[in-house]
Amino acid sequence: MDSSASVGSPLAVQTSGLTKRYPLAWKRKVLVALDHLDLEVRPGEVFGLLGPNGSGKSTTLKLLLGLIVPSEGEARVFGLPTDSLEARQRVGFLPENPYFYSFLNGDETLRFYGRLCGVNGSKLEKRIEELIDLVGLQNGRERPLRSYSKGMLQRIGLAQALIHDPDLLFLDEPTAGVDPLGSSQIRDLILRLKKMGKTVIFSSHLLEQVQEVADRVAIFSLGKKVLEGSLDSLLTEDRGTQVHLPAQLSPDLQQRLRQVLAGAGFAERDISFTRPRLSLEQLYLRTVQSQPDLASNDSRSK
Amino acid sequence: MISSLLRIIAIGRNTFTEAIRSKVLSVLLIFALVLVGCSVLVSQLATPGLDPAGLIDEQIKFVKDFGCGAIGLFGAAIGILATAQLIPQELHNRTIYTILSKPVRRSEFLLGKFFGIVLLLTLCVTLMTLAFAAALYWQEQQGVAYADSIYGQTKNWQADQGLLEHYNHDVAEIHAQVRDPRLVEAILLLFTKLIMTCGIALLISTFASSSIFTIVTTLMIYLIGHMEGTARTFWLSHGAETNLWQSCLVGFISLFIPDLNAFTIVDEILAGNNVPWHHTFDLIGYAVVYLVVLLSVAIVVFDYREI
């Protein structure tokens, strides 16, 4: 499916009053897993679902995939009912902690999922080649999935989600349990998908990663969406200004700047000069990626 | 329609591959093959002292009983075990999400899984039948050699027209018993019964929460199914004389539990009695209708199941 097809098409995802309740018969209570969710995601967006465990993120994804039936409300994908085959033809899904069929190898796995999506013959084989390249699993093609590392499983999971070239991807905790390097590769992959014009909706606990890839986020708590917006609008502080310079300021220059700012009415205690710091993740990635033999789990031949 | 069929075949092939790569099922199958093959050794324990033809008869009959018994028993064990794991394993491993999030209907998923089990049972029954045929062939050769040795005790017996006729009759009898085309009928009926049992297991697994529950319930229905004929006869003839509960229970068994006892005509075939083919086709027809109902109910139940 051509990614340009999504331009000018209906919203990638639209829900109104979407609710899921689970009756707890033995307690004579009802658990509201998702409470009247109104959500709109535009084609081409990367949308992050945030929230603690049990806040309704996975329930939202299952409802959008038509895997479970809503108790109330409605959800549509590209204007189609979520449980229709047409909608599923345009959607790919990576579940949380996927296991897949451990007795299949990488190629067999992709071949199986491809056939389910109606991709067959030389078209399927070509697609498998492309996806193996995309997710960097050349050394895992002939190995059974039971011998895969967690990061490799996530990558084959992404490949199976993309096998039919969907316009919309749902990724449930795509980096859960994956080491920082694997996690950063998945993040890079999401950015590549965005460049390809795909819409990506994903849930994650790793806030820094969400910040790096998402255009917009929604924060869930106890089954309700409590905040939604673009990262720029949500994270930009109006009370302050940061100045970045490509060199250290000498004490003399700092003193002169303080005088200028004090002259403009700023109190001495409100002015600070700090040196930029790397995050621990940035330091880790920079160190690990500089080691060619450790750059990929796949590079070890077993 | 064709794309739907292709998806069912893809899921069936995957289920079949999973089953044949499973260690438990492979070990069970190997054990079954060895057991069927060993039937010729156990048959040697048949009571000695009978006349030659009688002894050979006993041994061939033993191999037939033992072989068909092993096919039925191990086929049921492999089929029930494999079917009971189908859905719980998919749910536990969350692989079901990756399948049902693709353009696949739940009914296609279920039918594909069942198709995989049918493929598995076809392979298992074929292999066990080949082992059974090999055992019978070996027994046939043993029988002819035994007849040769018995008749050989008389000098120049081949010149004796009476003895020669006797010998030819005995050998023809051995060939007729071993190469009995009715054995195909027996294997076909055993296979039909296995598929029916797996259909029951599949229906139960659509609402069961564990494989153990499916296995135990299927075995219970399997046992009750062998008494269904008795229950139906009792219900029809003495229904009015029983209390409400008894009547409901016996009526339920008569209406909903399959009549697996009808398949005991396999014993008739093995005993050498003639069972007309139309009787076999009637039973296969009964099984097909029952399977269609079972699978339809399973699809409806599975459609409503929260995953």
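Chain letters run A, B, ... following the sequence lines, proteins first, then strands; residues in each count from 1. On a predicted model such as this, the values are computed, not experimentally measured, just so you know.
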Practice prompt. For each of B:Ile8, B:Val104, B:Ile96, tally heavy-atom pairs with chain A at distances under 4.5 Å, and name the one with the top tally.
Written response: B:Val104
Discussion item. I'd like to know if the side chain of B:Gln89 pairs up with that of A:Tyr101 as donor and acceptor (distance under 3.5 Å, no hydrogens or angles considered).
Written reply: no
Discussion item. Are there over 12 heavy-atom neighbours, none belonging to A:Lys150, within less than 6.0 Å of that residue's NZ?
Written reply: yes
Worksheet item: Is it the backbone or the side chain of A:Glu108 that comes under 4.5 Å from a heavy atom of chain B, or both, or neither?
Response: side chain
Worksheet item: Quick one: of B:Pro103, B:Ser3, B:Ala10, who has the most non-hydrogen atom pairs under 4.5 Å with chain A?
Response: B:Pro103
Worksheet entry | Minimum side-chain heavy-atom gap A:Phe112-B:Ile99 below 4.5 Å | yes
Worksheet item: Which one, A:Leu104, A:Val69, A:Val91, leads in non-hydrogen pairs under 4.5 Å with chain B?
Response: A:Leu104
Worksheet entry | Neighbour count >12 (heavy atoms, 6.0 Å) for atom CZ, B:Phe31 | no
Fill in: B:Arg7 portion near chain A, given a 4.5 angstrom heavy-atom threshold
both
Worksheet entry | A:Gln160 versus B:Lys102, side-chain donor and acceptor atoms under 3.5 Å | yes
Worksheet item: How many angstroms lie between atom NZ of B:Lys23 and atom CZ of A:Phe103, to the nearest 0.5 angstrom?
Response: 14.0 Å
Worksheet entry | Region of B:Ile9 that comes under 4.5 Å of a non-hydrogen atom in chain A | neither
Response to the item:
Scored by heavy-atom pairs under 4.5 Å with chain B, the best of A:Ala87, A:Cys117, A:Gly66, A:Gly118 is A:Cys117
Worksheet item: Taking the side chain from A:Arg88 and the backbone from B:Arg105, do they hold a donor-acceptor pair closer than 3.5 Å?
Response: no
Response to the item:
Separation between CZ (B:Arg21) and OG (A:Ser102), nearest 0.5 Å, reads 10.0 Å
Worksheet item: Salt bridge or not for A:Glu173 and B:Arg94, using N-O below 4.0 Å?
Response: no
Fill in: Distance in Å, B:Asn14 CG paired with A:Arg115 CZ, rounded so as to fall on 0.5 Å steps
10.0 Å
Fill in: Which of B:Thr95, B:Leu6, B:Ile11 touches chain A most, by non-hydrogen pairs under 4.5 Å
B:Thr95
Discussion item. Pair A:Glu96, B:Tyr97 - check side-chain hydrogen bond (donor to acceptor under 3.5 Å, both in side chains), show working.
Written reply: CA-CA 10 Å; A:Glu96 185 183 356; B:Tyr97 296 142; over 6 Å; no
Worksheet item: Using non-hydrogen atoms and a limit below 4.5 Å, what part of residues 290-307 of chain B faces chain A?
Response: B:Glu306, B:Ile307
Worksheet item: Is it true that atom CG of A:Leu222 has more than 12 heavy atoms of other residues, nucleotides or ligands lying nearer than 6.0 Å?
Response: no
Discussion item. Does any backbone or side-chain atom of A:Phe170 lie under 4.5 Å from a heavy atom of chain B? Answer side chain, backbone, both or neither.
Written reply: neither
Discussion item. Surrounding CD1 of B:Ile212 (heavy atoms of other residues, nucleotides or ligands, distance under 6.0 Å), is the total greater than 12?
Written reply: no
Practice prompt. Give, as side chain, backbone, both or neither, the part of B:Ser22 having an atom under 4.5 angstrom from any heavy atom of chain A.
Written response: neither
Discussion item. Quick one, A:Tyr113 with B:Thr98, criterion side-chain contact (heavy atoms from CB on, under 4.5 Å). Give me CA distance, side-chain angles, the key distance, then yes/no.
Written reply: CA-CA 8 Å; A:Tyr113 285 108; B:Thr98 59; 2.7 Å; yes
Item to complete: Nearest 0.5 Å please: distance from the OG atom of B:Ser101 over to the CG atom of A:Leu116.
Response: 9.5 Å
